[in-house]
Amino acid sequence: MSAGSVPVHVRPGEGDTIRNPVNGAFTYKLRGEQSGGGLLVLETEVPPGGGPPLHVHANEDEGLYTLAGDVRFRLGDDVRPAPPGTFMFVPRGVPHCFTNAGEDAARVLIFFTPAGMERFFDGFAALAPAEMTPEAFRRLGAEVGMQVAGPPLAVSHPA
């Protein structure tokens with residue numbers, strides 16, 4: 001076990017849930033302080049048409065696994081369907097985003113290594129709904145080394 005790590009068992013429906021930047025919900029499954037800073041895992045609910053803007057992480061690698069819904073991933077310039085069971089690995093420095101192209105809420109499991117994006121997600125969730133703007137996303141993201149590189153996938157590549 002890594003220094004600072006603690007064993008964690010999170011059952012379905014458990015975990016701290018906050019509002020995510022795309023109008024759905026994030027449920028923390030593992031926070032950095034539980035993994036000695038090595039890993040952040042969260043499950044996100046993405047409403048129809050929802051998804052983050054094209055963005056780049058300077059400090060973290062990211063993995064995304066579609067649990068449910070009609071999701072599309074963009075990795076660099078490559079856009080592909082991502083039905084349930086699809087996994088995408090995004091090395092730091094690679095532009096990426098995703099969208100829920102379906103009519104029902106989608107669910108995606110997201111991993112960051114090392115941890116650290118909690119500051120962005122917690123900061124965004126603490127904003128009043130009227131403050132949850134693209135500029136706030138850009139500003140809070142920049143504070144943790146995440147840069148917005150373009151519009152959401154639903155805008156750049158409508159289905």
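This structure is a prediction, so every number in the text was calculated from the model and none was measured.
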Grouping ILVMFWY residues whenever side-chain heavy atoms fall under 4.5 Å, the cluster of Leu54 otherwise contains none
For Leu153, the hydrophobic cluster (side chain heavy atoms closer than 4.5 Å, chained through members) also holds Val79
Mark yes when over 12 heavy atoms from residues, nucleotides or ligands other than [X] sit less than 6.0 Å from its [atom1]; otherwise mark no.
X      : atom1 : answer
Glu143 : CD    : yes
Asp104 : CG    : no
Asp16  : CG    : no

* Asked: side chain to side chain contact (heavy atoms under 4.5 Å, CB included) between Leu30 and Leu39: does it pass, once the steps are laid out?
  -> CA-CA 7 Å; Leu30 180 75; Leu39 182 64; 3.7 Å; yes
For residues [X] and [Y], determine if any side-chain heavy atom of one lies less than 4.5 Å from a side-chain heavy atom of the other.
X      : Y      : answer
Ile110 : Glu62  : yes
Leu64  : Val90  : yes
Phe89  : Asp61  : yes
Pro151 : Ser156 : yes

[Y] versus [X], side-chain donor and acceptor atoms under 3.5 Å:
X     : Y      : value
Thr86 : Thr66  : no
Thr44 : Asn20  : yes
His55 : Gln147 : no

Quick one: does [X]'s side chain have a donor or acceptor within less than 3.5 Å of a partner on [Y]'s backbone?
X      : Y      : value
Arg107 : Leu67  : no
Thr113 : Gly38  : yes
Arg72  : His157 : yes
Asn100 : Gly49  : no
Thr99  : Gly50  : yes
His9   : Pro7   : no
Arg74  : Gly76  : yes
Glu60  : His57  : no

Output for pair (Phe124 CZ, Leu140 CG), nearest 0.5 Å, gives 7.0 Å
Separation between CZ (Arg119) and CE (Met146), nearest 0.5 Å, reads 11.5 Å
Path from [X] to [Y] over hydrophobic side-chain contacts below 4.5 Å:
X      : Y      : answer
Val155 : Val46  : no
Phe73  : Val56  : no
Val10  : Leu109 : yes
Val94  : Val108 : yes

Would you please test Asp122 and Arg19 for salt bridge (charged side-chain N to carboxylate O under 4.0 Å, His left out) and show each step?
CA-CA 9 Å; Asp122 291 342; Arg19 185 173 182 79; over 6 Å; no
**Q.** Parallel, tilted or perpendicular: rings of Phe87 and Tyr65 (30°, 60°)
**A.** tilted
Minimum heavy-atom distance between [X] and [Y], given as atom pair plus value:
X      : Y      : answer
Ala68  : Pro84  : CA-CG, 3.9 Å
Ala105 : Glu45  : CB-CG, 4.0 Å
Ile18  : Phe121 : CD1-O, 3.6 Å
Ala115 : Gly32  : CB-CA, 3.3 Å
Val144 : Met117 : CG2-SD, 3.7 Å
Met88  : Cys97  : CE-O, 4.4 Å

*Taking the six-membered ring for Trp and the single ring otherwise, decide whether the centroids of Phe120 and Phe137 are under 6.0 Å apart.*
yes
Please test Lys29 against Glu43 for side chain to side chain contact (heavy atoms under 4.5 Å, CB included), starting from the C-alpha separation and ending with a verdict.
CA-CA 7 Å; Lys29 298 300 185 178; Glu43 182 178 333; 3.5 Å; yes
